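See structure below.
All figures in this text were calculated on a predicted structure; none of them were measured in a lab. Heavy atoms only: backbone and side chains are in, while hydrogens, waters and symmetry mates are out.
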Amino acid sequence: MPLLRLRITGNENDARAIGNLLSSLEGIEHVEEVADLMPHMDDSDSSSAGLPDDAGPGVHELEVDAPNASTANKVREAVEALAFDLDVLVEFETDETR
């Protein structure tokens, strides 16, 4: 069973739209937003705090269990099309050894 990991660079609404799309696809039973395990070293006293680079879009990570490789390909195609429409960046990582 392929496990797809998606990293979405966009706002909350974009991530929610992609999550809703994934939940609506036939054969997909499990979509989960996973927490960011990387500690952020943001320092409110930093000289760069509040600069425009700090206020960029958020990063959201989703895990999707696909029943087979064909469904995983359909997931990729659907997410790529929606990401293009939303003007967000989506990266895919696949673990097919599960």
Side-chain angles (χ1 to χ4, degrees):
M1 178 181 298
L3 174 68
L4 296 168
R5 291 183 188 88
L6 289 73
R7 182 174 299 117
I8 303 163
T9 303
N11 63 36
E12 289 284 332
N13 292 333
D14 297 333
R16 189 176 308 111
I18 291 172
N20 290 342
L21 169 71
L22 291 168
S23 297
S24 72
L25 294 175
E26 185 176 337
I28 301 299
E29 296 180 5
H30 182 75
V31 177
E32 180 180 355
E33 184 163 1
V34 293
D36 186 3
L37 300 176
M38 190 72 179
H40 295 281
M41 304 309 253
D42 297 336
D43 183 2
S44 60
D45 292 335
S46 171
S47 62
S48 61
L51 292 178
D53 286 346
D54 278 353
V59 176
H60 309 273
E61 295 193 23
L62 300 176
E63 284 188 351
V64 182
D65 285 323
N68 54 48
S70 175
T71 303
N73 287 332
K74 290 177 186 177
V75 165
R76 283 188 204 92
E77 291 171 1
V79 169
E80 286 174 355
L82 181 57
F84 182 81
D85 290 344
L86 295 173
D87 197 27
V88 299
L89 176 68
V90 177
E91 299 173 77
F92 294 92
E93 179 184 327
T94 306
D95 179 10
E96 296 188 33
T97 60
R98 266 186 67 173

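Nearest heavy atom pair, residue H60 against residue G10, reads NE2-O, 3.2 Å. Considering all non-hydrogen atoms of both residues, P67 and G27 come closest at CD-O, 3.3 Å. L21 and A78 make their closest contact through CD2-O, 3.6 Å (heavy atoms, listed as atom of the first residue, atom of the second, distance). For T71 against N68, the heavy-atom pair with the smallest separation is N-OD1, 2.8 Å.
Within the model, atoms OG of S23 and NE2 of H30 stand 10.0 Å from one another, a figure rounded to the nearest 0.5 Å. Distance check, rounded to the nearest 0.5 Å: CZ of R76 to CG of L4 gives 5.5 Å. Between the CD1 atom of I8 and the CD atom of E33 there is a distance of 7.5 Å, given to the nearest 0.5 Å. Atom CZ of residue R5 and atom CG of residue L62 lie 12.0 Å apart, to the nearest 0.5 angstrom.
At least one side-chain heavy atom of L22 sits less than 4.5 Å from a side-chain heavy atom of L6.
Each salt bridge (charged side-chain N to carboxylate O under 4.0 Å, His left out) pair with one or both residues in residues 7-18, not counting sequence neighbours, appears once here: R7-E61, R7-E91.
N20 meets the side-chain hydrogen bond (donor to acceptor under 3.5 Å, both in side chains) test with no other residue; sequence neighbours excluded.
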Show me the donor-acceptor pairs within less than 3.5 Å that the side chains of residues 79-90 make with the rest of the protein, sequence neighbours left out.
none

Report the C-alpha distance between L3 and E63 in whole Å, list the side-chain angles of each, state the deciding distance to 0.1 Å, and finish with yes or no for side-chain contact (heavy atoms from CB on, under 4.5 Å). CA-CA 7 Å; L3 174 68; E63 284 188 351; 4.2 Å; yes

